[in-house]
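On a predicted model such as this, the values are computed, not experimentally measured, just so you know. Only heavy atoms go into these numbers, but all of them, side chains included; no hydrogens, no water, no symmetry mates. Residue numbers start at 1 and run along the sequence shown.
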Amino acid sequence: MAAIAAFARHGPKGARGSFVTVRLRLARYLGLALELQLAADILSTAIAPSWEQIGKLAVIALIRTGLNYFLMLETRHEEDQIDAEKRKASPPSPPPTQPSRPAVKPPAVGS
């Protein structure tokens, strides 16, 4: 609901950056929902499992894990693109300067 509300506020009139931000927020919520649904399925099967239920759980777990993996992969890719655009848009910072050290004279030989 929070992602949908943010899209309603910023989506139609907003720039690409605001849309991507809303999309990333929604992706995080979807990833969490997939994990919670998988945990709920595991708990419901743990009470009195039959081989049929275990097989269904294995297929569901595989599908949800795959969906979550690719969702997080896409999210990381979008976040990396946003970071690259921010670095590109910001002016380059000057290289750090080394503090000057006082000159040290080598010790005199034979003193």
Side-chain angles (χ1 to χ4, degrees):
M1 294 302 276
I4 292 170
F7 178 73
R9 272 194 314 263
H10 303 290
K13 63 180 185 240
R16 181 188 183 284
S18 63
F19 175 73
V20 171
T21 305
V22 170
R23 194 168 154 227
L24 290 174
R25 184 184 303 174
L26 182 61
R28 286 187 200 105
Y29 292 148
L30 287 174
L32 179 62
L34 285 169
E35 290 176 13
L36 291 175
Q37 282 185 333
L38 181 59
D41 287 340
I42 290 171
L43 289 175
S44 68
T45 304
I47 295 172
S50 67
W51 285 109
E52 183 180 341
Q53 288 175 329
I54 291 172
K56 285 180 184 178
L57 178 63
V59 171
I60 290 170
L62 183 66
I63 291 170
R64 287 186 181 157
T65 302
L67 286 172
N68 203 14
Y69 172 76
F70 288 112
L71 183 65
M72 291 301 124
L73 194 66
E74 174 94 14
T75 302
R76 283 191 198 117
H77 177 70
E78 289 285 338
E79 288 172 342
D80 291 343
Q81 280 186 335
I82 290 172
D83 290 342
E85 288 174 5
K86 284 180 182 177
R87 282 192 302 260
K88 190 176 180 181
S90 66
S93 59
T97 58
Q98 296 279 337
S100 60
R101 296 183 191 170
V104 178
K105 294 182 181 179
V109 180
S111 315

- [ ] Look only at the side chain of Ser44 and the backbone of Asp41, and say whether a donor-acceptor pair between them is shorter than 3.5 Å.
- [x] yes
- [ ] Looking only at non-hydrogen atoms, find the nearest pair between Leu34 and Asn68 and report the distance.
- [x] CD1-N, 3.9 Å
Open item on the list: So which atom in Ala27 and which in Thr75 form the shortest heavy-atom distance, rounded to 0.1 Å?
Closed with: CB-OG1, 3.4 Å
- [ ] State, with a plain yes or no, whether a side-chain heavy atom of Leu24 is found less than 4.5 Å away from one of Ile82.
- [x] yes
Just how far is it from atom [atom1] of [X] to atom [atom2] of [Y], taken to the nearest 0.5 Å?
| X | Y | atom1 | atom2 | value |
| --- | --- | --- | --- | --- |
| Leu38 | Ile63 | CG | CD1 | 11.5 Å |
| Gln37 | Leu32 | CD | CG | 10.5 Å |
| Met72 | Leu67 | CE | CG | 11.0 Å |
| Thr65 | Ile60 | OG1 | CD1 | 11.0 Å |
| Thr45 | Lys56 | OG1 | NZ | 10.0 Å |

Open item on the list: Assess whether a salt bridge exists between Glu78 and Arg28, defined as any Lys/Arg side-chain N lying under 4.0 Å from an Asp/Glu carboxylate O.
Closed with: no
